[in-house]
Each structure stands twice: as C-alpha cells, then as structure tokens.
Engineer: 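A single structure is presented below for examination.
Quick note: numbers below take in every heavy atom, side chains included, and nothing from hydrogens, waters or symmetry partners. As the structure is a computational prediction, the values presented were derived from the model and not from experiment.
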Amino acid sequence: MGLKADMKILVVDDMTTMRKIVKNMLKKMGFTNLSEADDGATAWPMIEEAMAAGEPYEFIVSDWNMPQMQGIDLLRKLRADARYKALPFLMVTAETEQSNVVVAVKEGVSNFVVKPFSEQVLKEKISKIFV
Amino acid sequence: MSDSEAFLKFSKPFLDATKSVFETMISTTISSGKPEFRSGNASLHDITSIIPVSGTINDKDNYSAQFVISFPEPTYIKIASAMIMEEYTVYSEEIEDVGNEISNIIMGNAKRDLTTQGYTTSMTVPNMIRGEGHVITYPKNTKIVSFPINCDHGEFIIEICFTKIDQDNS
C-alpha cells in the first residue's frame with residue numbers, strides 16, 4: 001500500500017495538544033483526510049462505522065497511554081479481527097514506555113515513534129510503514 | 001555523595017529533557033540562567049504544571065521529589081502556538097493541556113536517564129494550576145531549586161525539589 005494524500009487517517013490520543021500536533025504535522029505532510037478520537041474506546045466504534053460505510057480507515061496513529069482503552073489494547077482488538085490484521089498502525093509512546101515497544105511489535109504494530117519527535121521523524125516513521 | 005551533589009545529579013536529566021523537548025517539538029533552543037534556592041510556595045508565574053515523583057535510589061534509600069514548570073501567560077501562549085503549529089493570542093481550553101503535555105514528555109525522558117543512575121521513579125499524572133500568585137504544594141522538607149530558562153518565546157522557570165527520606169520517618 002502506498003502513501004496517498006487523501007488516505008483516511010485516525011489520530012487517537014487523550015491529550016488535545018498531542019492530537020493537534022500530530023494532525024498538524026500530517027497536514028503539513030500533505031494528508032487531507034484526518035479524523036480524531038480521544039481514546040481507544042472512542043476510536044473502535046469509529047473504525048467499525050467507517051468499515052460498515054465502506055470507507056474504512058487506512059492508517060491509525062495512536063498514543064499508548066490513554067484512559068479506558070489504551071493504544072496497545074486497541075491494537076490487540078484490531079489484530080484479533082481479520083478485517084484489520086493489515087491496517088497500518090503507528091504507536092506514539094513516551095520514553096518511559098519504550099520497553100513496551102517489544103510488546104507492541106509482538107502484537108503487530110507497524111511502527112512506533114517516541115516523544116518528543118519532529119515532523120521529519122514522524123514522516124520517516126510513516127514512510128517506513130508504506131514502503 | 002553530598003546532598004548538593006545528589007540534587008545536581010537528580011536535576012540534570014530534567015534539564016536535558018527540557019532542552020530536547022523544546023528543540024524537537026517547539027523548534028527553539030533554551031538557555032538556563034543561574035539556579036537559585038527558593039522559599040515560599042507562591043508561584044512565580046501564571047500557569048504551572050506539576051508532577052510529584054517518588055522512588056528509591058540504588059534500591060536502598062527512598063526519595064521524594066517534584067518537577068514544576070511554570071510560565072508567564074504570554075510565554076505559555078507563544079509556546080503553545082509554536083508547539084501546536086496554530087496561532088493563539090489568548091489562553092483558551094484548546095491550549096490548556098499544553099503545559100501538562102510538555103511536563104509529561106520531559107518526565108518520560110528524564111525517567112529514562114534517572115533509571116540509568118539507579119533511581120526508580122513513580123510519578124502521578126501532571127496537575128495544572130493557573131492564576132497569578134497561585135500556590136504550589138511542595139513535598140515536606142524538600143529544598144526547592146529554581147532554574148530560570150529563556151527561549152525564543154520568552155522566559156519561564158523549572159523548579160525541582162528532591163529529598164532523601166529518612167527510613168525511620170518515612
């Protein structure tokens with residue numbers, strides 16, 4: 001799957017600031033079709049509704065540490081469903097959780113980015129997913 | 001190691017992490033002025049994010065600490081605008097968690113370096129306080145060191161307090 005400017009992307013983070021930062025970085029990279037959710041529990045029905053409408057999300061950018069449903073639990077839920085086994089998933093993580101990256105890789109994460117990160121780093125992480 | 005040396009050793013990861021966060025996500029370099037011990041608990045600025053921290057040193061001594069980052073409101077608004085990449089001219093709900101996000105990332109990065117120095121770190125979620133002269137609650141019997149910081153968007157301060165806890169009184 002290649003990179004498309006109108007690729008449907010869902011940004012999941014409980015912090016308004018990080019959602020805005022990631023969305024604005026993605027906009028600067030040229031992506032136009034962006035939605036947001038404030039945690040995994042909110043993201044899941046959005047992903048399901050988009051699938052049911054025949055316009056599924058094509059890329060998820062999710063924080064790890066969120067209330068209700070964490071990023072790793074959203075990833076597990078997606079990978080347990082045959083429809084989302086290959087859905088590209090970028091995990092955003094704090095340095096304190098870097099050891100958890102091993103767990104995320106095991107669960108099928110596509111790539112991860114550690115905070116703090118620049119737009120250039122985010123771009124490189126995304127490019128590696130969509131090679 | 002003297003208390004002063006322990007304090008400096010504990011503070012460095014926070015200063016290094018602050019530099020990294022501001023350079024990477026706010027596109028500005030920072031310079032630190034002369035650190036000073038301070039007393040009193042009235043904040044020196046308008047908007048403050050606080051993270052209490054506790055843990056052990058080399059699996060022996062317990063410690064109690066706190067990371068504080070405090071901004072004048074105009075500086076906070078400029079930093080929020082640069083970080084989010086949207087122009088804000090007044091404080092609003094849209095930028096109210098910027099301070100906590102900054103302190104979260106700083107703490108996350110500092111924790112990595114503290115771990116390599118033998119500190120375990122347990123921290124709570126950051127707490128944000130706003131208002132002129134608001135009061136900051138510091139852990140009991142800690143020294144507070146204030147680091148004045150300057151960046152392209154103005155001045156702000158970082159405060160770090162740290163104390164070893166006497167096992168008999170913990």
Engineer: So if you build clusters from Ile, Leu, Val, Met, Phe, Trp, Tyr with side-chain heavy-atom gaps below 4.5 Å, do B/Ile136 and B/Phe156 land together?
Structural biologist: no
Engineer: With the 4.5 Å side-chain cut-off for hydrophobic clustering, are B/Ile47 and B/Ile157 part of the same group?
Structural biologist: no
Engineer: If you check every heavy atom in residues 11-21 of chain A against those of chain B, which residues fall under 4.5 Å?
Structural biologist: A/Met15, A/Thr16, A/Thr17, A/Met18, A/Lys20, A/Ile21
Engineer: Does atom NZ of A/Lys8 have more than 12 heavy-atom neighbours, drawn from other residues, nucleotides or ligands, at distances under 6.0 Å?
Structural biologist: yes
Engineer: If you check every heavy atom in residues 72-86 of chain B against those of chain A, which residues fall under 4.5 Å?
Structural biologist: B/Met83, B/Ile84, B/Met85, B/Glu86
Engineer: Give a yes or no on whether A/Glu124 atom CD has more than 12 heavy-atom contacts from other residues, nucleotides or ligands under 6.0 Å away.
Structural biologist: yes
Engineer: Using only non-hydrogen atoms and a strict under-4.5 angstrom cutoff, which residues of residues 25-46 of chain B touch chain A?
Structural biologist: B/Met25
Engineer: Does anything in residues 23-38 of chain A get under 4.5 Å of chain B by heavy atoms, and if so which residues?
Structural biologist: A/Asn24, A/Met25, A/Lys28
Engineer: Can you tell which of B/Thr115, B/Asp97, B/Thr24 has the highest number of heavy-atom pairs within less than 4.5 Å of chain A?
Structural biologist: B/Asp97
Engineer: For the CG atom on B/Asn141, are there more than 12 heavy atoms of other groups (residues, nucleotides or ligands in this structure) within a distance under 6.0 Å?
Structural biologist: no
Engineer: Side chain from CB out, backbone as N, CA, C, O: work out which of these in B/Glu94 comes under 4.5 Å of a heavy atom of chain A, or both, or neither.
Structural biologist: both
Engineer: I'd like to know if the side chain of B/Asn109 reaches the main chain of A/Ala94, judged simply by a donor and an acceptor atom lying under 3.5 Å from each other, with no hydrogens or angles considered.
Structural biologist: no
